[in-house]
Amino acid sequence: MQSSSANEAYDPHANTEKWLGVWQDRKVFEASDLTADTGDGRPRRYVVSMFPYPSGDLHMGHAEVYSIGDALARYARLTGADVLNPIGWDSFGLPAENAALRRNLDPGSWTYGNIDVQAESFRRLGISFDWRTRLHTSDPEYYRWNQWMFLLMYREGLAYRKAAPVNWCPNDQTVLANEQVVQGKCERCGAEVERRNLTQWFYRITQYAQRLLDDMDQLGKWPEDVLRMQRNWIGRSTGARVQFTIEDRDEPVQVFTTRPDTLFGATFFVVAADAELADDLCAPEQRGEFEAYLVKTRAATDIERLAADRPKTGVFLGRYAINPINGEKLPVYASDYVLADYGTGAVMAVPAHDQRDLDFAVAMGLPVRMVVDTGEADPAETGVATAGLGALVNSGQFTGQDTVAGKAAIIAELGRLGLGEATVNYRLRDWLLSRQRYWGTPIPIIHCPSCGEVPVPEADLPVRLPESGYELRPTDGRAPLESATDWLAVPCPTCGGAARRDTDTMDTFVDSSWYFLRYPNPGYTDGPFDPEGIRRWLPVAEYIGGKEHAILHLLYARFITKVLHDRGLLPFVEPFTRLTNQGQVIMNGKAMSKSLGNLVNLQEQIADYGPDAVRVTMLFAGPPEDDIDWADVSPSGAVKWLARVIRLAGDVTASSPGEGSLELRRQVHRLIDATTTLMDGRRLNVAIARLMELTTVLRKAADGTPGPADPALREGAEALVRMLSCFAPFTAEDGWERLGRTASVIEHGWPHAEPELLVVESVTCVVQVAGKVRDRLEVAPDISEDDLRALALASAKVDRALAGAAIRDVIVRAPRLVNVIPQK
RNA sequence: GCCCCCGUAGCCCAACAGGCAGAGGCAGCCCCCUUAAAAGGGGUCGAGUGCCGGUUCGAAUCCGGUCGGGGGCACCA
């Protein structure tokens with residue numbers, strides 16, 4: 001039978017503006033109590049999608065994140081929660097400067113222009129944001145609180161300035177955090193990063209390393225791989241700190257080692273060539289050689305340094321270190337294979353049991369002494385270090401102990417001598433905060449020739465960016481803010497004398513490390529965030545975003561949250577209770593890029609298929625965390641389905657929902673129940689499949705029995721449309737209207753599966769013989785094991801399959817399965 | 001080099017807690033509608049789960065190995 005409206009066109013664009021207007025008028029997406037309690041008693045649910053950077057219009061990737069977040073927010077709202085689904089913009093950052101340079105305008109107008117474009121695109125996609133949360137990190141009212149937090153950190157000793165070898169991107173003309181360097185290249189522009197010794201601002205995140213690890217216990221609803229990546233990044237290792245005296249020097253030198261058991265095998269000592277310590281230790285007669293080596297080291301890029309097969313080089317510094325365990329004299333070398341900023345920048349070299357040390361020993365002709373017998377050949381012979389466990393040899397009183405016992409015993413002995421102790425070291429470095437850029441938060445510090453570093457008084461915040469009188473890229477290599485001479489000169493807050501402002505701006509990850517705290521009251525002026533808003537909404541119940549932020553943003557946000565907690569400003573230590581990662585939208589197996597020519601334009605997709613079909617396509621393509629290859633999915637398939645739903649809604653002639661066909665009601669409620677369970681498990685793609693199934697069930701019911709006038713059909717169609725509103729909100733409203741109901745469908749909530757309709761009166765039981773299916777029985781769901789066994793053994797098909805063989809065993813899993821095992 | 005994840009119809013994906021491998025979509029094929037085509041509607045075909053072995057009455061699911069793909073860290077002492 002042909003449906004009555006089969007030829008009617010489904011126009012996915014016809015009513016979008018109408019529904020947007022209805023939603024806005026009825027304020028359906030506004031949380032009921034942002035900061036003042038309305039006492040409506042609904043549970044609150046804070047659903048946050050990572051905010052966008054306004055680099056242009058929204059792209060496919062944005063559409064995916066916000067489709068996921070919106071489906072979860074809408075589902076929570078439908079099931080009775082008071083939902084806050086906020087939006088803001090991560091609007092400081094380098095691309096604005098680059099664009100401004102190219103187009104000869106200022107970063108602000110480029111940025112805010114893009115924000116307006118994105119806001120309009122969000123609106124037309126029908127994302128259910130509460131727009132009252134809207135914030136931009138580049139607004140002075142926002143970034144003043146970056147400065148406020150900086151001053152707080154500064155007072156607590158958590159913000160500090162030091163000279164250090166740092167990553168410098170020659171293309172972007174700025175330093176980069178460790179986290180922003182990938183394979184020796186600038187994560188943003190791909191230029192090879194250089195090492196420069198510069199004085200920079202840092203946040204002391206390393207002080208929180210252990211807590212960042214420990215509190216992961218609370219993150220049970222985070223993807224396992226994100227936690228693993230963070231653990232990896234923090235890189236905890238346990239070992240010992242050992243103190244070496246240096247001949248003819250008062251100051252001893254500490255090293256960190258994970259293998260204190262190999263202390264007797266140390267045959268030389270190495271310090272990082274680019275560490276200050278190397279310079280300190282260098283004997284006068286070796287000065288020339290050392291300086292020459294240092295120049296070469298500094299010239300090498302990270303790429304060169306990272307090359308795995310690079311031969312070891314170094315210079316003797318003309319000094320000797322004393323092994324605290326046996327008094328041996330160890331020659332001290334400087335080399336670039338030791339890292340200046342890990343541990344203490346110095347290592348005890350045990351060539352027999354560390355491949356790097358062995359390579360260096362071979363290159364320099366230094367002795368190799370085996371002190372752990374691992375059962376492998378002597379490294380001195382083979383050139384292969386033995387790093388495994390074994391028994392100590394050549395280790396004085398410790399000889400004979402195994403690795404584990406030896407470690408403990410040697411640490412104990414060092415402790416007795418006052419020359420060492422067990423300790424923990426982390427790979428994590430302090431967060432390099434300052435950037436030599438314009439479009440960011442100015443660092444609220446004034447440098448005074450007589451008072452030194454002076455914090456800007458809180459009353460003078462915000463330190464605003466100069467709007468004129470600066471150059472974005474000064475030709476003399478200075479930072480942009482150094483060129484803002486009027487802005488630069490200020491009286492010292494302490495002595496009143498002539499002073500100058502700090503000219504660095506903050507990494508934009510500072511902005512994004514706390515924005516979710518401000519959403520409930522973005523206009524709050526008494527602090528960075530409203531404590532009432534925090535109490536009502538935080539921590540974030542559901543955080544959605546890409547895995548590319550697994551380390552950077554998420555680690556920083558966790559850190560800042562802990563700092564604020566420790567100062568009594570937040571009642572929790574972890575900001576995000578549940579994290580959902582979404583994958584990338586790719587095209588033909590590759591990330592979309594202009595150079596590959598495989599860009600898919602979001603606006604074109606929306607124009608072709610409508611916002612709902614684009615959203616459904618993304619959510620149906622697979623689990624949220626999987627990448628979506630746009631070449632593998634079918635937006636036209638989504639359009640077809642949505643059109644079927646609309647036609648179905650138009651074909652329902654029953655005037656009210658209610659009883660009607662029991663059989664149909666059973667199917668409908670079974671599918672409501674299944675979809676609900678899937679939504680609760682965030683299985684959005686499977687949930688949509690269930691709705692498609694429901695559509696087919698209802699279509700058949702309308703075309704055959706019980707027919708279009710059966711109340712059960714209306715019940716099913718209304719349930720379908722209500723559930724659909726999570727994924728295809730415009731179409732759902734269209735369908736609701738076509739069913740003769742009045743807007744908004746959203747206000748009618750999520751359908752309820754009635755338990756009595758979920759009870760089945762019979763199930764199919766599979767009867768196997770030797771694991772092969774031989775018969776099927778329709779049985780009551782609560783059949784007893786004994787009855788079922790008897791029933792199965794009475795089966796003629798089973799009998800035939802047994803072919804006279806005796807029965808060895810019968811496995812019964814009522815009511816679904818019986819397995820008869822014959823004697824062989 | 002170290003660590004982790006994933007391999008199910010031509011493709012994207014399902015499969016409760018080890019129990020009938022298939023829910024859904026795309027493509028294909030057939031039929032209907034149509035003057036015709038497109039669009040639409042209805043139906044249908046289709047894999048024994050990368051490979052080898054083990055545990056089990058029973059394995060896509062658990063274990064070991066192997067191949068392939070993806071990811072994280074990487075001179076971190």
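Because only heavy atoms are used, hydrogens play no part in the values below, and waters and symmetry mates are left out as well, while side chains stay in. Note on naming: letters A, B, ... go to the chains in the order of the sequence lines (proteins, then strands), and numbering restarts at 1 for each one.
A donor-acceptor contact shorter than 3.5 Å links the side chain of A:Q230 to the backbone of A:A550. The main-chain N or O of A:L263 is found under 3.5 Å from a side-chain atom of A:N323 such that the two form a donor-acceptor pair. Between the side chain of A:S335 and the backbone N or O of A:V338, no donor-acceptor pair lies under 3.5 Å.
For the side chain to side chain donor-acceptor pair (under 3.5 Å) test, residues two or more places apart in sequence or in another chain that qualify with A:R682 are A:E542. Under the rule for a side chain to side chain donor-acceptor pair (under 3.5 Å), the partners of A:R644 that lie at least two apart in sequence or sit in another chain are A:T696.
Across all strands shown, A:K700 has heavy atoms under 4.0 Å from sugar-phosphate atoms exclusively, and none from any base. Note on A:R429: a base of the nucleic acid sits closer than 4.0 angstrom, heavy atoms only. Backbone-only contact: A:W233 has heavy atoms under 4.0 Å from sugar-phosphate atoms and none from a base. As judged by a 4.0 angstrom heavy-atom cut-off over every strand, A:R816 is placed among residues making no nucleic acid contact. Residue contacts shown for A:Q355 are absent, as no nucleic acid heavy atom lies under 4.0 Å away.
With C1' as the reference atom, B:A21 and B:G43 are 23 Å apart, rounded to whole Å. Taking the C1' atom of each, B:A60 and B:G19 are spaced 13 Å apart, rounded to whole Å. B:C33 and B:C51 have their P atoms separated by 45 Å, with the value rounded to a whole Å. Taking the P atoms as reference points, B:G71 lies 36 Å from B:C29, given to the whole Å. Nucleotides B:A15 and B:G7 place their P atoms 11 Å apart, quoted to the nearest Å. Rounded to the nearest Å, the gap between the P atom of B:U8 and that of B:A14 is 11 Å. Across B:C12 and B:C16, the matching C1' atoms stand 23 Å from one another, rounded to whole Å. Between B:C13 and B:A27, the two C1' atoms lie 14 Å apart (nearest whole Å).
Across the strands present, B:G46 finds no partner; the criterion is a Watson-Crick or G-U wobble pair with both atom distances under 3.5 angstrom. Pair assignment for B:C62: B:G54, on the basis of Watson-Crick or G-U wobble contacts that are both within less than 3.5 Å. With both pairing distances under 3.5 Å, B:U34 is matched to nothing as a Watson-Crick or G-U wobble pair. Shown here, B:C20 forms no base pair; nothing in the strands shown gives a Watson-Crick or G-U wobble contact with both key distances under 3.5 Å. Pairing partner, B:A39: none, since no Watson-Crick or wobble contact has both distances short of 3.5 Å.
Separation of the A:F620 and A:F727 ring centroids does not fall under the 6.0 Å cut-off.
A close approach under 4.0 Å does occur between a side-chain nitrogen or oxygen of A:K640 and OP1 or OP2 of B:C26. For A:S237 and B:A77, the shortest distance from a side-chain N or O to OP1 or OP2 is below 4.0 Å. The side chain of A:Y337 contributes no N or O atom lying less than 4.0 Å from OP1 or OP2 of B:A77. In this model, the phosphate group of B:G41 is approached by a side-chain N or O of A:R647 to a distance below 4.0 Å at OP1 or OP2.
The distance between atom CG of A:L698 and atom P of B:G24, rounded to the nearest whole Å, is 14 Å. Look at CG on A:D359: it is 15 Å from P on B:G1, rounded to the nearest Å. As rounded to whole Å, 13 Å separates atom C1' of B:G18 from atom CD1 of A:I811. Rounding to whole angstrom units, CH2 of residue A:W630 and P of B:C26 are separated by 14 Å. Counting to the nearest Å, the P atom of B:A77 and the NZ atom of A:K407 are 11 Å from each other. Here the P atom of nucleotide B:G41 and the CG atom of A:L648 are 12 Å apart, to the nearest Å. As a whole-Å value, the separation of A:I646 CD1 from B:G40 P is 16 Å. Atom CG in A:D341 sits roughly 11 Å away from atom P in B:C75 (whole-Å rounding).
Toward the 5' end of RNA chain B, the nearer of the two residues A:I821 and A:Y426, judged by each one's closest nucleotide, is A:I821. Positionally, the nearest nucleotide of RNA chain B for A:T764 lies more toward the 5' end than for the other of A:T764 and A:G343.
Side-chain atoms of A:Y342 lie closest to B:A77 of the nucleotides B:G42, B:A77, B:C20. Considering only side-chain atoms of A:L339, the nucleotide from B:C20, B:G41, B:A77 that sits closest is B:A77. Distance from the side chain of A:M229 is smallest for B:G72 among the nucleotides B:C75, B:C20, B:G72. Relative to the side chain of A:A689, the nucleotides B:G41, B:C73, B:G24 differ in distance, and B:G24 lies closest. Side-chain proximity of A:N819 to B:G24, B:G19, B:C75: nearest is B:G19. Counting only heavy atoms from C-beta on, A:S634 has its side chain closest to B:C26 among B:C26, B:C76, B:C75.
Ion pairing between A:R789 and A:D786 holds under the 4.0 Å rule for side-chain N and carboxylate O. A salt bridge does not link A:D336 with A:K296: every distance from a Lys NZ or Arg NE/NH1/NH2 to an Asp or Glu carboxylate oxygen is 4.0 Å or more. Under 4.0 Å is where a charged nitrogen must lie from a carboxylate oxygen, and between A:D651 and A:R699 at least one such pair does.
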**Message:** Under the criterion side chain to side chain contact (heavy atoms under 4.5 Å, CB included), I'd like the reasoning laid out for A:L555 against A:I234: C-alpha separation, chi angles, the key distance, then a yes or no.
**Reply:** CA-CA 10 Å; A:L555 196 65; A:I234 294 167; 4.2 Å; yes
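Annotated as anti: B:G18, whose glycosidic dihedral deviates from 0 by more than 90°.
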**Sequence-aligned protein contact record of nucleotides 2-14 of chain B, with B where the base is within under 4.0 Å of a protein heavy atom and S where only the sugar-phosphate is** = --S------SSSS
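Shortest non-hydrogen contact noted between A:P351 and A:L358 is O-CB, 3.1 Å.
No hydrogens or angles were tested; on distance alone, nothing pairs the side chain of A:R774 with the base of B:C20 as donor and acceptor under 3.5 Å.
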